[in-house]
Engineer: 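Could you have a look at this structure, given as structure tokens, before my questions?
Chain letters run A, B, ... following the sequence lines, proteins first and then strands; every chain starts at 1. Side chains included, hydrogens not; waters and symmetry mates left out as well; all remaining heavy atoms used.
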There are 2 protein chains.
Amino acid sequence: MENHLGNQRYCVSLVPIFNHLEVEQMNEVMQVVKSRSFKKGEILYHAGDEANALHIVNRGQVKIYRLSESGKEQMLRILMPGDFTGELALFQEGSHEAYAEATQDTQICMIRDEDFQKLLVKYPTISLKVLEEFSSRLDRSEQQTTRVATEKVETRLALFIAELAETDQDRVHLPMSKKDLASYLGTTPETLSRRLAEFEEEGLIKMKGQREIVIQDLDGLLFI
Amino acid sequence: MENHLGNQRYCVSLVPIFNHLEVEQMNEVMQVVKSRSFKKGEILYHAGDEANALHIVNRGQVKIYRLSESGKEQMLRILMPGDFTGELALFQEGSHEAYAEATQDTQICMIRDEDFQKLLVKYPTISLKVLEEFSSRLDRSEQQTTRVATEKVETRLALFIAELAETDQDRVHLPMSKKDLASYLGTTPETLSRRLAEFEEEGLIKMKGQREIVIQDLDGLLFI
DNA sequence: CGCTGTCTTGAAGCGTTTCAACACAAGTGG
DNA sequence: CCACTTGTGTTGAAACGCTTCAAGACAGCG
């Protein structure tokens with residue numbers, strides 16, 4: 001039990017929206033946090049579910065996706081430890097528009113809607129942090145719309161790899177399956193496979209297994 | 001001058017994020033609001049400009065767009081009176097990612113960054129309203145990404161018209177030029193023109209001038 | 001009225017999707 | 001640990017939808 005609570009504290013203090021709080025305030029947050037585990041493949045929430053909690057990833061990985069009007073799956077983002085979700089629907093009355101699914105065995109810290117709203121009003125600085133997070137997420141979303149609408153797959157893929165390289169150095173790790181990456185980039189697995197093969201033929205990258213890419217010519221990728 | 005201040009009050013009280021405030025608090029907001037006018041075609045801010053103010057549209061219309069990596073223009077949204085912008089960059093340190101341009105003669109109410117942040121901390125309920133607004137904007141942006149990535153132009157256009165019809169009844173008014181609409185939908189003016197002509201041949205709609213559409217078969221549009 | 005930008009229409013070319021077949025990897029149960 | 005099953009990834013060929021370029025029609029604005 002000691003260990004369990006230790007995990008929760010670790011979880012909450014990981015999250016950018018809380019990590020500026022004093023120890024005392026943090027303890028207050030801790031009291032409304034509940035822990036929950038999901039196995040790989042389990043769904044945290046469906047589109048249409050009533051939104052009633054903020055979900056913070058402690059261990060594992062979660063993917064957020066939508067279904068389009070015609071029923072196709074659209075990957076939106078991957079949550080790593082410290083990332084959170086569920087907020088979207090908290091502030092509009094209503095239900096989730098997206099699906100959240102654990103892609104590995106995952107541990108989540110949850111804060112109920114009412115508790116979170118109380119925290120926001122009591123500590124306005126939390127709101128500012130959430131606003132920051134929303135801003136950058138909106139920014140990335142609009143950038144993604146722009147890319148899918150105006151660039152071809154080759155370019156979208158090159159930019160995606162180059163951005164991974166900014167944090168991962170020149171051996172980058174794909175955070176998702178190629179199937180999901182195809183969906184994220186707004187294309188099909190077949191086209192993704194062909195474009196990656198092209199990059200390899202041109203000597204721009206080299207695949208090591210299914211999820212590792214060695215970048216051999218970053219400038220070449222960006223000049224596409 | 002009396003008239004000028006009257007306009008400003010009207011402007012601020014229009015905005016959903018402020019309209020729950022008491023008269024007294026509203027007066028406090030009024031003191032930090034500055035008015036500014038833009039002629040049709042003038043730019044409110046460029047991508048790369050430092051973000052230093054919240055812009056609220058009082059009269060007129062503003063379009064928000066991005067440039068993609070390859071230099072193409074991507075329409076993101078249209079601001080009508082009561083809508084606001086400029087917030088994105090306020091919460092991240094840094095600069096605007098998008099362009100804001102007046103598409104008609106427009107009057108804007110501005111609140112400087114520092115003043116707005118003070119208001120947010122003093123009246124936490126304003127934050128909740130801004131979070132609501134961000135939530136729904138993020139929701140729409142992710143929906144747009146999904147549509148551009150998974151639906152064909154025909155479907156995206158049909159959905160766009162159908163959604164206009166929800167507010168406008170069965171004679172809808174396009175809020176922007178067809179050139180901009182093409183960009184918004186992630187296609188070219190040529191393709192947009194062809195798809196609209198198709199809808200007209202099939203008896204689904206009827207164009208009246210360049211910006212008015214009479215919807216003749218809404219169900220037909222949605223079953224595409 | 002004439003200019004400028006927007007809109008339309010046609011024809012050709014291109015990138016992407018689709019379908020199908022096969023290779024491969026991961027996970028399960030004997 | 002191997003065989004089996006299931007899902008993921010690859011490769012080819014054909015079809016499709018969209019973009020591009022070009023030319024002309026139309027609308028808006030000084």
Engineer: Determine, stepwise, if the pair A:Lys152 / B:Glu69 fulfils salt bridge (charged side-chain N to carboxylate O under 4.0 Å, His left out).
Structural biologist: CA-CA 11 Å; A:Lys152 47 186 182 179; B:Glu69 275 81 5; over 6 Å; no

Engineer: Starting at CD of B:Glu198 and ending at P of C:dG10, how long is that distance when rounded to a whole Å?
Structural biologist: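 Rounded to the whole Å, the gap is 12 Å.
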
Engineer: Separation of A:Arg195 atom CZ from D:dT10 atom C1', in whole Å?
Structural biologist: 13 Å

Engineer: Would you compute the distance between atom OG1 of A:Thr106 and atom CG of A:Leu79 and round it to the nearest 0.5 angstrom?
Structural biologist: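 Going from OG1 on A:Thr106 over to CG on A:Leu79, the span is 9.5 Å.
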
Engineer: Give the nucleotide from the list D:dC18, D:dT10, C:dT9 with an atom nearest to the side chain of B:Ala197.
Structural biologist: C:dT9

Engineer: Could you give the CG-to-C1' distance, from B:Leu181 to C:dT6, as a whole number of Å?
Structural biologist: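 Distance, rounded to whole Å: 13 Å.
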
Engineer: Just N and O in the side chain of A:Ser193: are any of them under 4.0 Å from OP1 or OP2 of D:dG9?
Structural biologist: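 Answer is no, no contact under 4.0 Å.
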
Engineer: Does B:Arg140 make a cation-pi contact with B:Phe134, if we ask for NZ or CZ under 6.0 Å from the ring centre and within 45° of the axis?
Structural biologist: no

Engineer: What does A:Gly186 touch in the nucleic acid at a heavy-atom separation under 4.0 angstrom: a base, only the sugar-phosphate, or nothing?
Structural biologist: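 Since only primed, P, OP1 and OP2 atoms lie under 4.0 Å of A:Gly186, the category is sugar-phosphate.
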
Engineer: Output yes when A:Arg66 and A:Glu101 qualify as a salt bridge under the 4.0 Å nitrogen-oxygen rule, no when they do not.
Structural biologist: no

Engineer: Check ring-ring contact (aromatic ring centres under 6.0 Å, His included) between A:Phe160 and all other residues, then give those that pass, not counting sequence neighbours.
Structural biologist: A:Tyr184

Engineer: Tell me: CD1 of A:Ile224 to P of C:dG15, nearest whole Å?
Structural biologist: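 The answer, rounded to whole Å, is 13 Å.
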
Engineer: Do A:Ser68 and B:Glu151 have a side chain donor and acceptor closer than 3.5 Å?
Structural biologist: yes

Engineer: Would you jot down, in residue-number order, the residues of residues 66-76 of chain A having a non-hydrogen atom under 4.0 Å from DNA chain C?
Structural biologist: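 A:Lys72, in order of number.
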
Engineer: Tell me the interatomic distance from A:Leu192, atom CG, to C:dT17, atom C1', rounded to whole angstroms.
Structural biologist: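 After rounding, the gap between these two atoms is 14 Å.
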
Engineer: Starting at atom CG of A:Asp105, determine the distance to atom P of C:dG27, rounded to an integer number of angstrom.
Structural biologist: 11 Å

Engineer: Atom CZ of B:Arg194 and atom CD of B:Glu201: how far apart are they, to the nearest 0.5 Å?
Structural biologist: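 Nearest 0.5 Å value for the CZ-CD distance: 12.0 Å.
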
Engineer: What nucleotide, of D:dA27, C:dT16, C:dT18, holds the atom closest to the side chain of A:Thr188?
Structural biologist: C:dT18

Engineer: Hey, is the side chain of B:Arg211 poking within less than 4.0 Å of OP1 or OP2 on D:dA27, counting only N and O atoms?
Structural biologist: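 Indeed not, no polar side-chain atom of B:Arg211 lies that close.
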
Engineer: Atom CG of B:Asp180 and atom P of C:dG5: how far apart are they, to the nearest Å?
Structural biologist: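 The answer, rounded to whole Å, is 15 Å.
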
Engineer: B:Glu190 side chain: which of D:dT20, C:dA20, D:dT8 is closest?
Structural biologist: D:dT20

Engineer: I'd like to know if the side chain of B:Thr85 pairs up with that of B:Tyr45 as donor and acceptor (distance under 3.5 Å, no hydrogens or angles considered).
Structural biologist: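 Short answer, yes.
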
Engineer: Report yes if some heavy atom in the side chain of B:Glu97 is under 4.5 Å from a heavy atom in the side chain of A:Glu142; otherwise report no.
Structural biologist: no

Engineer: Listed in order of residue number, which residues of residues 145-156 of chain B have a non-hydrogen atom at under 4.0 Å from DNA chain C?
Structural biologist: none

Engineer: Closer to the 5' end of DNA chain D via nearest nucleotide, is it B:Gln210 or A:Pro189?
Structural biologist: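 Nearer the 5' end of the strand: A:Pro189.
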
Engineer: Taking A:Lys63 first and then A:Glu73, would you say they form a salt bridge - that is, a charged N and a carboxylate O separated by under 4.0 Å?
Structural biologist: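 Yes, this pair counts.
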
Engineer: Using OP1 and OP2 only, check whether a side-chain N or O of A:Thr191 sits under 4.0 Å from C:dT17.
Structural biologist: yes

Engineer: Can you find a donor-acceptor pair, distance only, under 3.5 Å between A:Arg194 side chain and D:dG12 base?
Structural biologist: yes

Engineer: Could you tell me the separation between the CE atom of A:Met207 and the C1' atom of C:dA25, rounded to a whole number of Å?
Structural biologist: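 Atom CE in A:Met207 sits about 13 Å away from atom C1' in C:dA25.
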
Engineer: Can you check whether A:Lys40 has a side-chain N or O nearer than 4.0 Å to OP1 or OP2 of C:dA26?
Structural biologist: no

